[in-house]
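First comes the structure, then the notes that go with it.
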Amino acid sequence: MCGELRAENAGQDVVLMGWVNRRRDHGGLIFLDLRDRSGITQVVVDEKVTAAHAKADAARPEYVVAVKGRVRRRGEGLQNPNMPTGEIEVVASELLLLNEAKTPPFSPAEDAIANEEVRLKYRYLDLRRTEMQANFALRSRVAMAIRNYLVGEGFLEIETPFMTRSTPEGARDYLVPSRIHAGSFYALPQSPQIFKQILMVSGFDRYFQIARCFRDEDLRADRQPEFTQIDLEMSFPQMDTIFRVAEGFLTAAFDAAGIQLAPPFVRMTYDEAIHNYGIDKPDMRLPAMVDLSDVLTQQLRETLKIEQGLPVLALVIPKTGRLSGTARKALQSEVRHHFGDTGLDSLDLDRLAMSPNQVFQLLAGQIVSRVHLELERFCGDEDLTDATVIVVTPKLGTPALWNYDPQWIYKRVGALRLELGAKFADKHKLFEQTHTAADFKFAWVTDFPMYEWNEETKTWDAAHHPFTSPHEDDIRAGRLTNDKGAVRALAYDVVLNGTELGSGSIRIHRKDVQAEIFRSLGMTDAEAHERFGFFLDALEYGTPPHGGIALGLDRIVMILAGATSLREVIAFPKTAKAIDLMVDAPTPVSDLQLRDLHLRIATRS
RNA sequence: GGGGACGUAGCUCAGUUGGUUAGAGCGCUGCCCUGUCACGGCAGAGGUCGCGGGUUCGAGCCCCGUCGUCCCCGCCA
């Protein structure tokens, strides 16, 4: 193939087929760079080879050609050290134009890339680009590594249906109308959740699937309406068993990308994540928030007009260098703007330190030493003078604040931490990519809350999904009925650099517990039976304890490819409005099709 | 549903305070060229300034609406 020939192939007769990447016409001598997915080779066509030369003359970029010729080692000074095949060239004896090509709207050979609208419309051209070819080669390798690992661990790959039953919880379903049953619909699966649990009931012990999932929600850079999960489930697991398996296949996946991970990953509870990072998917490429609550005594809070009893938090952004006066002021106003009228404010540490008041000086000293401690924990010994510190305080007597619990402040400051991280990342090379294990900060977050208060419907919803087992202790303490907010779930997320890669849980395997959970979610027994009767039935026929996890393959590959959008690692993705610009989907359908499906379009906008 | 950015030649973009015939680079077409590799030289073609309306003597530029792409919030068990 085009990318494979080297100096040791000199003298060999070869046939190459590929696309014309570039053509350099010197009159009597024409150079064609021939490209296929393995790489690029230079072909030389001399005018003495009349027929071939005429064809090379007619050839244009993106023509598909076949070349017969001999590999020749390039002479001194003619070599191109920037190309893997730069030491050789193929001297053409015969040339065939297998197919012509219209002038493409953008060139797959260019480094500069066109806007996404054009790229997506002509996706087949975009996918010819070296970068995209590399992304999909990587994706294939990663998927293969995961398959190999899981099969090696005794997992069985089993497919589950795409056309299934709508479940009203969770995301919006994509629906498929039934022709045979007027007025009824299949739903595309949001995940194979129930099927994989049933497979455990069936005795399949260790199941996995690289499964397509569908969710009809609004898109983001890291969210597509159809996406691929590495879905697995096992019987008789401890949480640790599942962590080990997931760490195992992630290690295999990263190995396929040339990165050696060193599991086990860091673990923290949900409460710790919120307290230290203000978010349930911490990005640990930045230092944690520093809790200064105990440094700010009651007395000091009164003087500084800081609310009692609420957390005071410091953020530290390393490697920013010493900020100029203007930069500090700009930052200050940015922070103000970020918090708006929430009642959060920032304390000027420098002014505190330079204050003639000794109490303030002391306080500043205490804050600095606390922050320094975190910085040391984070990256050995980092010079604090090179970092920027922001101290966030809840202002005294801000009415709105009275309703806010500490969690709200943690989350709010956590959001600022990420915003500033992103801002300084570009400027000061905060996340320098060395493409080694150190760039990839994994964590397990455990003990998620079981329930989430839904302000809209004034009900408790399942935070993960309703098949998640609550902590044994919380069941025994009766919290399922009288203290839902405190119930912890046996649920866990695996997080990488602030992105949720996947989540899972130990499931409920007893019918009575499952029924009680449904009831606690406000479902009557009749409703539960109507929706999940088949599942409750299955639980009664000898269900093993089981649990599992599902990880987003697209997101894993995206991060490994260094991309910031899933569209770079999905061959035929959809736009932010869920449109496929190449095939132009979705489209209206004919009245005949609608009649077959017993559907009528009610409104057209 | 809400907020923001963008939309000018095939592509990437510039276009001053609203003022004559809307520009550049790349690409494309033709001719020349035997050592290029982002080849080079000469000549040339190419525009519904996203679309619709308005203000104005005059709109790429101002106003209103609309469509599309991207990012974020809501949403995503």
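When reading the values below, keep in mind they use all heavy atoms of this one structure, side chains included, and skip hydrogens, waters and symmetry mates. All chains are named by letter (A, B, ...) in the order of the sequence lines, taking the proteins before the strands, and each is independently numbered beginning at 1.
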Output yes when A:R567 and A:E116 qualify as a salt bridge under the 4.0 Å nitrogen-oxygen rule, no when they do not. yes

Answer with base, sugar-phosphate or nothing: what part of the nucleic acid does A:T468 contact at a heavy-atom distance below 4.0 Å? nothing

Kindly indicate whether the side chain of A:E116 and the base of B:rG68 share any N or O donor-acceptor pair separated by less than 3.5 Å? no

Do the side chain of A:R72 and the base of B:rG35 come within less than 3.5 angstrom through a donor-acceptor pair of N or O atoms? yes

Nearest-Å distance once atom P is located in both B:rG18 and B:rG60: 13 Å

Checking N1-N3 plus N6-O4 or O6-N4 for Watson-Crick, or N1-O2 and O6-N3 for wobble, each under 3.5 Å, the partner of B:rG74 is none

Within the pair A:R220 and B:rC73, is there a side-chain N or O less than 4.0 Å away from OP1 or OP2? yes

Tell me whether the OP1 or OP2 atom of B:rC37 has a side-chain N or O from A:R35 closer than 4.0 Å. no

Just to be sure I understand the rule, does A:K121 reach a base, reach only the sugar-phosphate, or reach nothing, if contact means heavy atoms closer than 4.0 Å? nothing

Distance, rounded to the nearest Å, where A:E100 contributes CD and B:rC28 contributes P: 15 Å

For A:N9 and A:R6, indicate whether the former's side chain and the latter's backbone hold a donor-acceptor pair under 3.5 Å. yes

Quantified in whole Å, what is the C1' atom distance between nucleotide B:rU8 and nucleotide B:rG47? 8 Å

Integer-rounded Å distance: B:rA38 P and A:D25 CG: 17 Å

To the nearest 0.5 Å, what is the distance between CG (A:L490) and CD1 (A:I242)? 10.0 Å

Return the nearest nucleotide to the side chain of A:A114; candidates are B:rC11, B:rC26, B:rC71. B:rC11

Residue A:Q42, side-chain atoms from C-beta onward, closest of B:rG74, B:rU69, B:rC37: B:rC37

With the side chain of A:K577 defined as its heavy atoms from C-beta on, choose the nearest nucleotide among B:rU69, B:rC39, B:rG35. B:rU69

Using the six-membered ring for Trp and the full ring for Phe, Tyr or His, decide whether A:H26 stacks on the six-membered base ring of B:rU36 (centres under 5.5 Å, planes under 30°). no

A:E568 backbone acceptor or donor facing A:N135 side chain under 3.5 Å: yes

CD of A:E568 versus P of B:rC71: gap in Å, rounded? 10 Å

So which nucleotide from B:rG74, B:rG35, B:rG10 ends up closest to the side chain of A:L78? B:rG35

pair_partner(B:rU34), Watson-Crick or wobble, both distances < 3.5 Å, evaluates to none

Contact under 4.0 Å: A:R24 side-chain N or O vs B:rU36 OP1/OP2: no

Mapping A:P61 and A:L120 onto RNA chain B by nearest heavy atom, which one lands closer to the 5' end? A:P61

In whole Å, what is the span from the CG atom of A:N115 to the P atom of B:rA5? 19 Å

So, does A:H53 use its side chain to make a donor-acceptor pair with the main chain of A:G27 at under 3.5 Å? yes

Could you check whether the side chain of A:R60 and the base of B:rG27 have a donor-acceptor pair of N or O atoms closer than 3.5 Å, going by distance alone? no

Nearest-nucleotide wise, let me know which of A:R22 and A:T575 is further upstream toward the 5' end of RNA chain B. A:R22

Tell whether A:R223 reaches the base of B:rC75 with its side chain through a donor-acceptor pair below 3.5 angstrom. yes

Using the P atom as the reference point in each nucleotide, state the distance between B:rG4 and B:rC76 in Å, no decimals. 24 Å

With stacking defined as ring centroids separated by under 5.5 Å and planes differing by under 30°, is A:F31 stacked against B:rU36? yes

Rounded to the Å, how far apart are A:D126 CG and B:rC70 C1'? 15 Å

Paired nucleotide for B:rU12 [Watson-Crick or G-U wobble; both distances under 3.5 Å]: B:rA24

Looking across every strand, which nucleic acid part, if any, lies under 4.0 Å from A:E500 by heavy atom: base, sugar-phosphate, or nothing? nothing

As a test of reading the structure: which of B:rC70, B:rU34, B:rC75 is closest to the side chain of A:D46, going by heavy atoms? B:rU34

Under 3.5 Å, is there a donor-acceptor pair linking the side chains of A:T481 and A:R479? no

Which one of A:R73, A:R72, A:Q79 satisfies the side chain to side chain donor-acceptor pair (under 3.5 Å) criterion with A:E89? A:R72

Interatomic distance at C1', B:rG25 relative to B:rA9, whole Å: 12 Å

Which part of the nucleic acid does A:Q79 contact within heavy-atom distance under 4.0 Å: base, sugar-phosphate only, or nothing? base

Does the gap between the ring centers of A:F243 and A:W444 come in under 6.0 Å? yes

Any N or O donor-acceptor pair linking the side chain of A:R567 to the base of B:rU69 at under 3.5 Å? no

Pairing partner (Watson-Crick or G-U wobble, both distances under 3.5 angstrom) of B:rA59: none

Among B:rC71, B:rU36, B:rC11, which nucleotide sits nearest the side chain of A:A221? B:rC71

Which of B:rC11, B:rC75, B:rC33 is nearest the side chain of A:R172? It is B:rC75

Under 4.0 Å, counting only non-hydrogen atoms across every strand here, what does A:E452 touch: a base, just sugar-phosphate, or nothing? nothing

Give one of base, sugar-phosphate or nothing for A:A109, where a contact means two heavy atoms less than 4.0 Å apart. nothing

Given B:rC71, B:rC37, B:rG27, which nucleotide is nearest the side-chain atoms of A:T103? B:rG27

A:D218 side chain, from C-beta outward: closest of B:rC37, B:rG74, B:rC70: B:rG74

Would you say the side chain of A:M450 lies within less than 4.5 Å of the side chain of A:D474, judging by non-hydrogen atoms? no

In whole angstroms, how far is the P atom of B:rC67 from the CG atom of A:L581? 16 Å

Tell me what A:R119 touches on the nucleic acid: a base, only sugar-phosphate, or nothing, going by heavy atoms under 4.0 Å. nothing

Taking atom P of B:rC37 as reference, at what distance in whole Å does atom CG of A:L29 sit? 13 Å

Looking at B:rC28, B:rC75, B:rG68, which one has an atom nearest to any side-chain atom of A:E117? B:rG68

Could you let me know what B:rG65 is paired to, Watson-Crick or G-U wobble, both distances under 3.5 Å, or none if it's on its own? B:rC51

Just the rounded figure in Å: distance from P of B:rC76 to NZ of A:K281. 13 Å

